[in-house]
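Down below is the structure, laid out as structure tokens.
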2 protein chains.
Amino acid sequence: MSIDRKKKAASTGPQSIDGTRSDVLRAAAKLFRNQGYAATTLRQIAEAVDVKAGSIYYHFDSKEQILDEVLDTGIRVVMNEVRTRLDALPAEAPCRRRIEAAIEGHLVGMLQHGDFTSANIRIYGQIPAGPKKRHRAVRAAYANYWDQLLAECQGKGGLRADVSVSVLRLFVVGALNWTVEWFDPRHGSLEAFIRQISAIVFDGISPHATASNLHRLRPDSREQRR
Amino acid sequence: MSIDRKKKAASTGPQSIDGTRSDVLRAAAKLFRNQGYAATTLRQIAEAVDVKAGSIYYHFDSKEQILDEVLDTGIRVVMNEVRTRLDALPAEAPCRRRIEAAIEGHLVGMLQHGDFTSANIRIYGQIPAGPKKRHRAVRAAYANYWDQLLAECQGKGGLRADVSVSVLRLFVVGALNWTVEWFDPRHGSLEAFIRQISAIVFDGISPHATASNLHRLRPDSREQRR
DNA sequence: GTCTATAAACTGATAGAC
DNA sequence: GTCTATCAGTTTATAGAC
């Protein structure tokens, strides 16, 4: 029996160094992401970390407490990546560079902690009222962080002014959030992906005179305009 | 008892004219959206349409069959709105206008059938393998529809060429999908919203010389560039 | 810290009356 | 078409042994 445990723990790899408690959170995030909160049973979480269901109650008071921690982690890892990059920029950095740094941090945070961030995004609209209300403050803080960045840039003329900051933030962060659902590292590096997404966010899908499509500016290959 | 039924049916409004079967689908879509598939019980669906749980099995073979129809409806209503608008355009319509029509159709379809479309987006990643596999063809057909539109435009130079069609489609459709999670009609009309979203999708968040921010082009109010 | 055993409630689905 | 009654299985959470 203890032999079985050691074997499984070894196959679980270096994740187990933090102990059962963190293992439960990681397993829960993955299951919440792929099945939803209500559909995930404590027995499934327990089995994933090679423990019996009853043992979980030594580390957590309830299933809802596990949910609380998974939700908060999903936002905090992203916020940390964004804040780190923005704090590293010089104070006089132009808006485009600052927003690029925020986009990069958001994407890196999302894609490197996919189970926590994807679980957060997927299940937030489906959880009970209690956890939803408790988690709201963490979400609001992150939204506020973006709003301040964007509002400052819009005030300086570094951001389009015909759309409100809140709509810009909801659109951009929403679009970034969704990339975790379809980004595939087999189709290219994360760095290249970040550059592409940044380009679309800043300049849209319209054709631009970039190095890779300059040839399109020859009149005969241009689409007819009206 | 039959009095109670009539009273409830009247309060349910004109939705009931299609009969219990459609009522079940509408109620299921709403519950799936807000609680997830597994968390929604047949008893909850039954209660929402003022019927007993056992009665649902007269109209549907299983809970999974209800899921199948809710999922398919969520994509089909959107695809119909998009196709209707594109088919109404003249054959020589420029790419910008065609893509604008697709964006408008997608947003109208999503926001006017919010429970079906939001349920689809929210729970697709969390449902059992059977329904997921069955639904895949409907999703692929819609993705293909966008890909053909975008590929044709990119070939004509009507779309930026430094990002692949599939990434452009995934980003744009993903961003549009997410708007159903935050669009609030109290903050403005649907028409104005569509114009704003189209503007961001085509030209990005960078400042532009539009009528509403021309004053920003005065040199002294412009952000310092480097 | 983890286990077993169990309580109390709920689940999808079926059978048969009306 | 809808109802009631019920089956067999599952759920979260608890109690107490080790």
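Predicted, not measured: the structure shown is a model, and the values here were computed from it. Proteins get letters first, then strands, A, B, ... in listed order; numbering begins at 1 in each.
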Subject >> Exceeds 12 heavy-atom contacts within 6.0 angstrom, atom NZ of Lys30(B) >> reply: no

**OP:** Answer yes when Glu81(A) and Arg85(A) have at least one side-chain N-carboxylate O distance shorter than 4.0 Å, and no when they do not.
**Re:** yes

**OP:** Could you tell me whether Glu100(B) and Arg96(B) have a side-chain N and a carboxylate O separated by less than 4.0 Å?
**Re:** yes

**OP:** Would you tell me if any nitrogen or oxygen in the side chain of Thr20(A) comes within less than 4.0 Å of OP1 or OP2 on dG1(C)?
**Re:** no

Can you check nucleotides 9-15 of chain C for protein contacts, nitrogen or oxygen pairs under 3.5 Å, and list what you find?
{"unit_1": "dG12(C)", "atom_1": "OP1", "unit_2": "Thr40(B)", "atom_2": "O", "d": "3.3"}
{"unit_1": "dG12(C)", "atom_1": "OP1", "unit_2": "Lys63(B)", "atom_2": "NZ", "d": "3.2"}
{"unit_1": "dG12(C)", "atom_1": "OP2", "unit_2": "Leu42(B)", "atom_2": "N", "d": "3.0"}
{"unit_1": "dG12(C)", "atom_1": "N7", "unit_2": "Arg43(B)", "atom_2": "NH1", "d": "3.2"}
{"unit_1": "dG12(C)", "atom_1": "O6", "unit_2": "Arg43(B)", "atom_2": "NH2", "d": "3.4"}
{"unit_1": "dA13(C)", "atom_1": "OP2", "unit_2": "Tyr57(B)", "atom_2": "OH", "d": "2.6"}
{"unit_1": "dA13(C)", "atom_1": "OP2", "unit_2": "Lys63(B)", "atom_2": "N", "d": "2.9"}
{"unit_1": "dA13(C)", "atom_1": "O5'", "unit_2": "Tyr57(B)", "atom_2": "OH", "d": "3.1"}

**OP:** Please name the pair of heavy atoms, one in Thr117(B) and one in Gly109(B), separated by the smallest distance, quoted to 0.1 Å.
**Re:** CG2-O, 3.9 Å

Original post:
Would you call Glu47(A)-Lys52(A) a salt bridge at under 4.0 Å N-O?
Top reply: no

**OP:** Starting from C1' on dG1(C), measure out to CZ on Phe60(A) and report it in whole angstrom.
**Re:** 14 Å

Original post:
Does the side chain of Ser55(A) get closer than 4.0 angstrom to OP1 or OP2 of dC3(C) through an N or O atom?
Top reply: yes

**OP:** Please tell me which of the listed nucleotides, dG1(D), dG1(C), dC3(D), lies nearest to the side chain of Tyr58(A)?
**Re:** dG1(C)

Subject >> Nucleotide dC18(C), atom P - distance to NZ of Lys52(B) in whole Å >> reply: 18 Å

Original post:
Any side-chain heavy atom of Ile127(A) within less than 4.5 Å of one from Gln35(B)?
Top reply: no

